[in-house]
K.L.:
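Mind looking over this structure? Questions follow.
Residue numbering restarts at 1 for every chain, and letters A, B, ... go by the order of the sequence lines. Just so you know, these numbers come straight off a predicted model, no measurement behind them.
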Number of protein chains: 2
Amino acid sequence: MADRTSSEDDRRPGRTVGFRPLYRQVRDMFEQRIAEGTWAAGQILPSEMQLASELSVSQGTVRKALDEMTADNILVRRQGRGTYVASHDEKRILFQFFKLTPDDGPLRFPDSVVTEAVRRVALPSERDRLGLTGTDEVVAIERTRSLSGEPVLVERIVAPADALPGIEIGEIPNNLYGLYSERYGVVVVRAQEKLKAVAAGPREAAALGVPEGTPLLAIDRLAWSVDGRPIEWRVSMCLTDRHHYLSDLK
Amino acid sequence: MADRTSSEDDRRPGRTVGFRPLYRQVRDMFEQRIAEGTWAAGQILPSEMQLASELSVSQGTVRKALDEMTADNILVRRQGRGTYVASHDEKRILFQFFKLTPDDGPLRFPDSVVTEAVRRVALPSERDRLGLTGTDEVVAIERTRSLSGEPVLVERIVAPADALPGIEIGEIPNNLYGLYSERYGVVVVRAQEKLKAVAAGPREAAALGVPEGTPLLAIDRLAWSVDGRPIEWRVSMCLTDRHHYLSDLK
DNA sequence: TAGTGGTCTAGACCACTTC
DNA sequence: AAGTGGTCTAGACCACTAG
């Protein structure tokens, strides 16, 4: 493992500016391996001891890096088995990325019906949110999602086409983040949602089977890949008469 | 420090059932001290070394307990200075408990105008949410809150009266969690919010100066004290035409 | 039984704040 | 200079899983 400053050859930290703990440098390396696909979603990592000796670092330093990444839901650790790159299975989606819960009854994964899927040049607003330029293309999807057979939300999803090369518009799975990671090695690890209450317009009203003007919960989500690139913009319009958005504050 | 099982006298963990790491027992003790008021909000804790020798535990074990509590925003650590019980100053409220953000412009702390404050017997729904029984009393507050002079939300707050003994209905401060901790030693550390989109009724419409039926964001929050007791139920009806609820998913 | 992560300890040194 | 938290190391042992 190299020094943590830019110029010295020992382990002594430099001045206040630019100091970065060793375990964070280790974490950066691990995240880079995930971003590059060296470690794919669901795959097991080498053991702490192996990683430590590979990097010429103590096991405790490797552990601290792995613990941080586990706390951020990038890795999953299982005592006695090993450390794995967190995969986007339905359980993780429900736990981390799907906050719409039935008022009574258990959390469930919604069905999806795709109503539109196209590849086209990005609109200005999409370029803005996704950090695209000029003539960059996006994949745009619209779909309606149901819980227990009842439509609960309609959403529009936009992702940069170059991050998902050769994506087949025809076959959009229910679990998109699983597709991103399994097929394109793009691992979504973080998202930010902005929520508003809005009145249903004609399209939402028709798709959800409610009158125009019905209050809907609008969820505007931007999702980032492990390497920090914005990878998807999604706006969901949700019926909340029998569901709610669950947010834990701590 | 005692053993971590219930019956043995050494440090050897027992069977799988009932095993609890030493650092969690240490954390439990620390949380108890906060709940009892031994360590009040804003107060500095003894140093890691002092705590370790007091409990006959290594510094590393104390550190792990303190780190966990810091991650949960119960403590604040400042290198070179010490470890403090997190106080409910405006900065913490904004960071942890107030998620309504202007669409453009910086996050700010809202003003409040109390429109009603009474002490009365708890309603059945309130007993249910707050874990009260029989003739337990509550303090109920209604207020309107503004950002930049514009009313953005109206909320109803209900708290068990016995947790806030002798609370003066007359003087309700803007920052309620600060009052709870400073005056009654009740430290709120966690909350859960359920969000829905609803139509403004006559009262909300009048208080917020919008037509009836305007979509509002309803935030139903239950807040817990450090000892796990539900300490406040709050329902906020928010105008989201120029603000949004910010939720980070990771 | 072997190998993994999880806990606990002890000690050295660094970064930061205060006096 | 002294005291705090932060980092890094090394080693022992425990809990859990799998063969």
Side-chain angles (χ1 to χ4, degrees), chain A residues 1-5 8 10-30 39 43-71 74-86, chain B residues 1-5 8 10-30 39 43-71 74-86:
Chain A
M1 193 62 196
D3 57 308
R4 80 204 65 171
T5 61
E8 305 184 16
D10 62 7
R11 288 263 170 76
R12 298 189 55 218
R15 301 293 141 266
T16 299
V17 177
F19 172 69
R20 191 160 182 75
L22 191 51
Y23 70 87
R24 280 205 187 278
Q25 299 180 48
V26 171
R27 174 179 176 160
D28 289 343
M29 292 183 55
F30 291 169
W39 293 341
Q43 188 180 322
I44 192 170
L45 270 58
S47 73
E48 293 180 350
M49 280 303 195
Q50 287 174 301
L51 291 169
S53 76
E54 180 206 336
L55 303 179
S56 300
V57 152
S58 82
Q59 186 195 8
T61 298
V62 169
R63 170 174 288 273
K64 186 144 188 176
L66 296 178
D67 280 347
E68 266 201 357
M69 294 172 72
T70 302
I74 298 171
L75 301 177
V76 173
R77 316 194 74 178
R78 276 175 274 196
Q79 190 175 9
R81 286 215 260 167
T83 303
Y84 301 78
V85 180
Chain B
M1 193 61 198
D3 58 306
R4 81 204 64 171
T5 61
E8 305 184 17
D10 62 6
R11 289 262 172 77
R12 298 189 57 220
R15 301 294 142 267
T16 299
V17 177
F19 171 69
R20 191 160 182 74
L22 191 50
Y23 71 85
R24 278 203 190 279
Q25 299 180 49
V26 172
R27 175 180 174 158
D28 289 344
M29 294 183 54
F30 291 170
W39 294 341
Q43 189 180 322
I44 191 170
L45 270 57
S47 74
E48 293 181 351
M49 280 303 196
Q50 286 174 301
L51 291 170
S53 75
E54 180 205 338
L55 301 179
S56 301
V57 152
S58 81
Q59 186 194 8
T61 298
V62 169
R63 169 174 289 273
K64 187 146 186 174
L66 296 178
D67 280 346
E68 267 201 358
M69 294 173 71
T70 302
I74 299 171
L75 300 177
V76 173
R77 315 194 75 179
R78 276 175 273 194
Q79 190 175 6
R81 287 214 260 169
T83 304
Y84 301 78
V85 180

K.L.:
Nearest-Å distance, CZ (B:R24) to C1' (C:dT7)?
P.N.:
12 Å
K.L.:
Does a side-chain heavy-atom distance below 4.5 Å link B:W39 with B:T83?
P.N.:
no
K.L.:
Please determine, for C:dT9, whether a Watson-Crick or G-U wobble partner exists with both distances under 3.5 Å, and give it or none.
P.N.:
D:dA10
K.L.:
Supply the atom-to-atom distance A:F19 CZ to A:R24 CZ, rounded to the nearest 0.5 angstrom.
P.N.:
10.0 Å
K.L.:
Send over the distance from A:E68 CD to D:dG6 P, rounded to a whole Å.
P.N.:
13 Å
K.L.:
Can you measure B:I44 atom CD1 to D:dG5 atom P for me and round it to whole angstrom units?
P.N.:
7 Å
K.L.:
Roughly, in whole Å, what's the span from CG in A:L45 to P in C:dG3?
P.N.:
19 Å
K.L.:
Rounded to whole angstroms, how far apart are CZ on A:F19 and P on C:dC14?
P.N.:
11 Å
K.L.:
Select from A:Y23 and B:R81 the residue whose nearest nucleotide in DNA chain D is closer to the 5' end of that strand.
P.N.:
B:R81
K.L.:
Have a look at A:R78 and say if it touches a base, only the backbone sugar-phosphate, or nothing, with a 4.0 Å heavy-atom cut-off.
P.N.:
sugar-phosphate
K.L.:
Rounded to the nearest 0.5 Å, what separates atom OG1 in A:T70 from atom CZ in A:R78?
P.N.:
11.0 Å
K.L.:
Would you call B:R27 and B:I74 a side-chain contact if the rule is heavy atoms closer than 4.5 Å?
P.N.:
yes
K.L.:
Would you indicate which nucleotide in D:dA10, C:dC8, C:dA15 comes nearest to any side-chain atom of A:S58?
P.N.:
D:dA10
K.L.:
D:dC13 P sits how many Å from A:Q79 CD, rounded?
P.N.:
18 Å
K.L.:
Would you mind telling me which residue lines up with the more 5' stretch of DNA chain D, B:G80 or A:G60, judged by nearest nucleotide?
P.N.:
B:G80
K.L.:
So does B:K64 get a side-chain nitrogen or oxygen closer than 4.0 Å to the phosphate oxygens (OP1/OP2) of C:dT7?
P.N.:
yes
K.L.:
Please tell me if the side chains of B:L75 and B:F30 come closer than 4.5 Å, counting only heavy atoms from C-beta onward.
P.N.:
no
K.L.:
Atom OH of B:Y84 and atom P of D:dT4: how far apart are they, to the nearest Å?
P.N.:
11 Å
K.L.:
D:dG6 phosphate, OP1 or OP2: any side-chain N/O from B:R77 under 4.0 angstrom?
P.N.:
yes
K.L.:
Counting side-chain heavy atoms from CB outward, which of D:dT4, C:dT4, C:dC8 is closest to B:S47?
P.N.:
D:dT4
K.L.:
Looking at B:R63 and D:dG6, is any side-chain donor or acceptor paired with a base atom of the opposite kind under 3.5 Å?
P.N.:
yes
K.L.:
Grab the CG-C1' distance between B:L22 and D:dA15 for me, whole Å please.
P.N.:
15 Å
K.L.:
Compare side-chain N and O positions of B:T61 against OP1 and OP2 of C:dT7 and report whether any pair is under 4.0 Å apart.
P.N.:
no
